[in-house]
Participant: 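Below you'll find the structure I mean.
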Amino acid sequence: MTSHPLLEQLNDKQRAAVSAPERHMLVLAGAGSGKTRVLVHRIAWLLQEYHLSPYSIMAVTFTNKAAAEMRGRVEELVGSSTRAMWIGTFHGLAHRLLRAHYMDVGLPQNFQILDSDDQQRMLKRIMRSMNLDEKRWSPKQAQWFINAKKDEGLRPHHLDGHDFNERTYKEIYDAYQVACDRAGLVDFAELLLRAHELLRDNRIVREHYQKRFRHILVDEFQDTNAIQYAWVKLLSGGGAGGEHENYVTIVGDDDQSIYGWRGAKIENIHQFTRDYPNVDTIRLEQNYRSTNTILSAANSVIANNSDRLGKELWTEGGNGESIDLYAAYNELDEARYIASQIEAWHEQGNALQDVALLYRSNAQSRVLEEALLHARIPYRIYGGLRFFDRQEVKDALAYLRLLANRNDDAALERVINTPTRGIGARTLEIVRDGARQRGLSLWDAAKQLATEKVLTGRAANAVLSFIDLVQELEDETAEYSLGRQVDTVIKSSGLMAMYQAEKGEKAETRVENLKELVNACDNFDQLGTETPEDMTPLNAFLAHAALESGEEQAEEHQDAVQLMTLHSAKGLEFPLVFMCGVEEGLFPSQQSLDEAGRLAEERRLCYVGMTRAMQKLVITYAEQRRIYGQEKLHRASRFIAEIPPENLNHVRMQTRSRSSDGFGGNQASYGRFHSGASHEAFTESGFQLGQRVRHVKFGEGTVLNYEGSGPQSRIQVNFDDLGSKWLVVAYARLERC
DNA sequence: AATTTGGCCGTTTTT
DNA sequence: CGGCCAAATT
């Protein structure tokens, strides 16, 4: 192959993908194989070697983060603006289509986006009005049902409603959709579905975009759902026999498909090779991230799945260290072990931010946090509430939505009595009824009912003053900059005063967040978004807030250990990774054992977790764990047995020898790790945490932990030669020394 | 209108 | 066990 600046520093497979002729392409990209690099270089190649216009390229991702990274790296590589390219998330690009063609899809120009919290509130209201048995029908389930149908491309009229269950859900779906349409509201799934219907039903629009996008590149294709794939097919000219034949490149890894439970169809990868002719398949199997040990362990685990497209990761790097396996007595012991290992890592001069603690479910973080707190190890948890999802921020946004679109029932419901202004449940009920009977939005109904004196004096006054407030806010701030507009709205609406009046740390952060929102508006650059330029700054900002719930807040740049679920670790890498709670029932989760196919997905999740580790992987599990307040006994996860024994190192507690007593005055940090018995009862037994003891057979050691009381009480001793053991005090015949 | 109590439920998450 | 929500209090 001829040398070319874009192909330097790529391996053969990567080079083949980047410099491939214009064709449909499937890139099976293993973990850590340089997937993004290939995508970015491929785009640059298309521009430079095939002299394609940036207008003809679309690149789709799932997350805003991935989209931003891709755009940034393309820009860096080609050294020019990428404005002309459509690079974004499925939802972002669908939104862009809808804004550009709002009339064609029957939406008002000011349509707003419902996030899933808004959607749930909306459903709750609708279901109340339908007088459904609240014990039997929950908004959550209805939301699940509706989104699943939309993800399949189904409208209410597509459902036959065979059984009573489905018939009821169909009615809810129908009523919900009517309410959304009247209010000019679009939920996340609706963005995709409407955009799909637009392309499907409108030949002119469809041909326009088909003509434009000669190349469509899709990242993380294994995570696409039915509607997303259908969308890509329409845009590309539908594969074989389409009106326009565009080239589709899909990049993905069937072994990393971990979102089947939310509608992702791993089969879409297989389907792609059937739907499109002459697909070039390229496998990226060389891994640039992990050691041989980690890769062979991961390969060996994933090999237990069937129906794989097949792929085996390899590296030119060394074997590295074995994978440590720690069998903890319980979750407290597990957490303590992890904390002690992190301390050791840190003492060797390594950074804490290079360490990740991965777990299957969020509930597991608590115990880990406590252990870290006690060891004074700073940490950061991923996956908390996003900025734009916070209550106070959503309140402020609801006022803004109302300024943009009076028919936004969801926004009105949220703030009509926030802060309280004497519009109680009774009044609201009357307004809701009026709206339903007259087929009006809540805003119009409230206005009419108050003027027509259907509402009584006090309620009518309250409603009218709210209506005036919103109207005045719009008039007053019409000429303001976005930041000043939002600032005014927050203050004049009484929101700021309401949160300032509350006391406590929580209220303070709320006030801070409201101020931060004004800041965000000041810094908001509409040009940097996927929205058309003729949108008002306010509408652009509202769309931005809904679609990009807020990057993780720029927290203090502290060197901190990272805690997250296995799911949110996808795409990331860390020199040292702890996979915690690797037990049957937890991971794989109990629920996944009941349904077919779910276990394979759990195994892929395990594969994802293992392949996050660069240098060192530590797997821990607890034989006993408190779940929902009850002690449960667990066996080690089957996934552990799937790792070749030669890659595993079964560890025992290591003796800490910081000072002569082997404890370094750290007694207090272990004081937490008791379960059950009171500390007093324990000390009465004659032992103390951190105390040195002697056992006839096991030698000398340090007391780490205790559990239970009376004759059953057990004590954990970290023996100098043997590591830690749990002993029944009554039989162990320990001596103090 | 604000606060307290009691019942229920409980993976994984992005947009 | 603990968080959330709705009903029941003051």
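Because only heavy atoms are used, hydrogens play no part in the values below, and waters and symmetry mates are left out as well, while side chains stay in. In what follows, chains carry the letters A, B, and so on, assigned in the order in which the sequence lines appear, proteins first and then strands, with residues in each chain numbered from 1.
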Participant: Determine the contact category for A:Phe62: base if any of its heavy atoms lies under 4.0 Å from a base atom, sugar-phosphate if only primed atoms, P, OP1 or OP2 are that close, otherwise nothing.
Facilitator: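 Here A:Phe62 touches the backbone only, sparing every base.
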
Participant: With under 30° as parallel and over 60° as perpendicular, where do the rings of A:Tyr169 and A:Phe145 fit, or are they tilted in between?
Facilitator: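 Rings of A:Tyr169 and A:Phe145: parallel, as their planes differ by under 30°.
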
Participant: Before you tell me yes or no, could you show the steps for A:Tyr621 and A:His634 under ring-ring contact (aromatic ring centres under 6.0 Å, His included), namely the whole-Å CA-CA distance, both residues' side-chain angles and the distance that decides it to 0.1 Å?
Facilitator: CA-CA 9 Å; A:Tyr621 69 94; A:His634 291 287; 9.8 Å; no

Participant: What orientation do A:Phe639 and A:Phe587 show, parallel under 30°, tilted 30 to 60°, or perpendicular over 60°?
Facilitator: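 If you compare the ring of A:Phe639 with that of A:Phe587, the planes turn out perpendicular.
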
Participant: Of the nucleotides B:dT13, B:dT15, C:dC1, which has the atom closest to the A:Tyr628 side chain?
Facilitator: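 Of B:dT13, B:dT15, C:dC1, C:dC1 is nearest to the side chain of A:Tyr628.
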
Participant: Would you mind classifying the nucleic acid contact of A:Tyr259 as base, sugar-phosphate or nothing, using non-hydrogen atoms under 4.0 angstrom?
Facilitator: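 The answer is sugar-phosphate, as A:Tyr259 gets under 4.0 Å only of primed atoms, P, OP1 or OP2.
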
Participant: Below 3.5 Å is the cut-off: list the nitrogen or oxygen pairs between protein and nucleotides 5-10 of chain C, distance only.
Facilitator:
from, atom 1, to, atom 2, distance (Å)
C:dA6, OP1, A:Lys124, NZ, 2.8

Participant: Are A:Glu152 and A:Asn225 linked by a side-chain donor-acceptor pair shorter than 3.5 Å?
Facilitator: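 No, no side-chain donor-acceptor pair sits under 3.5 Å.
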
Participant: Drop me the distance from A:Ile258's CD1 to A:Lys570's NZ, to the nearest 0.5 angstrom.
Facilitator: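 Result: 5.0 Å between the selected atoms.
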
Participant: Please list, for nucleotides 4-6 of chain B, all pairs of protein and nucleotide N/O atoms separated by less than 3.5 Å.
Facilitator:
none

Participant: For A:Asn64, report the nucleic acid contact type (base, sugar-phosphate, nothing); a contact means any heavy atom under 4.0 Å.
Facilitator: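 Result for A:Asn64 = sugar-phosphate.
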
Participant: Name the nucleic acid region contacted by A:Arg366, choosing base, sugar-phosphate or nothing; use a 4.0 angstrom heavy-atom cut-off, strictly under.
Facilitator: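 If one applies the 4.0 Å heavy-atom cut-off, A:Arg366 turns out to touch the sugar-phosphate alone, with no base involved.
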
Participant: Do A:Glu267 and A:Tyr229 pair up side chain to side chain, a donor and an acceptor below 3.5 Å, judged on atom types alone?
Facilitator: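 No, because no side-chain N or O of A:Glu267 sits under 3.5 Å from a partner of the opposite role on A:Tyr229.
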
Participant: How is A:Glu602 classified with respect to the nucleic acid when contacts are heavy atoms under 4.0 Å: base, sugar-phosphate, or nothing?
Facilitator: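 The residue A:Glu602 makes base contact.
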
Participant: A:Thr565 near the nucleic acid: base, sugar-phosphate alone, or nothing, with a heavy-atom cut-off under 4.0 Å?
Facilitator: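 Contact class for A:Thr565: sugar-phosphate only.
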
Participant: In terms of side-chain heavy atoms, does A:Thr418 have a donor or acceptor partner in A:Asp395 at a distance below 3.5 Å?
Facilitator: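 No pair is found: no donor N or O on one side chain lies under 3.5 Å from an acceptor on the other.
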
Participant: Using a cut-off of strictly less than 4.0 Å, decide whether A:Asn362 has a side-chain nitrogen or oxygen near OP1 or OP2 of B:dT13.
Facilitator: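 Yes.
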
Participant: Please work out which of the three classes, parallel, tilted or perpendicular, describes the rings of A:Tyr259 and A:Trp261, given edges at 30° and 60°.
Facilitator: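 A:Trp261 and A:Tyr259: tilted rings.
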
Participant: Using a cut-off of less than 4.0 Å, is there contact between a side-chain N or O of A:Arg386 and OP1 or OP2 of B:dT15?
Facilitator: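 So the side chain of A:Arg386 is within the cut-off, an N or O lying under 4.0 Å from OP1 or OP2 of B:dT15.
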
Participant: With centres under 5.5 Å and planes under 30°, do A:Phe188 and B:dT14 count as stacked?
Facilitator: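 According to the criterion (under 5.5 Å, under 30°), no, A:Phe188 does not stack.
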
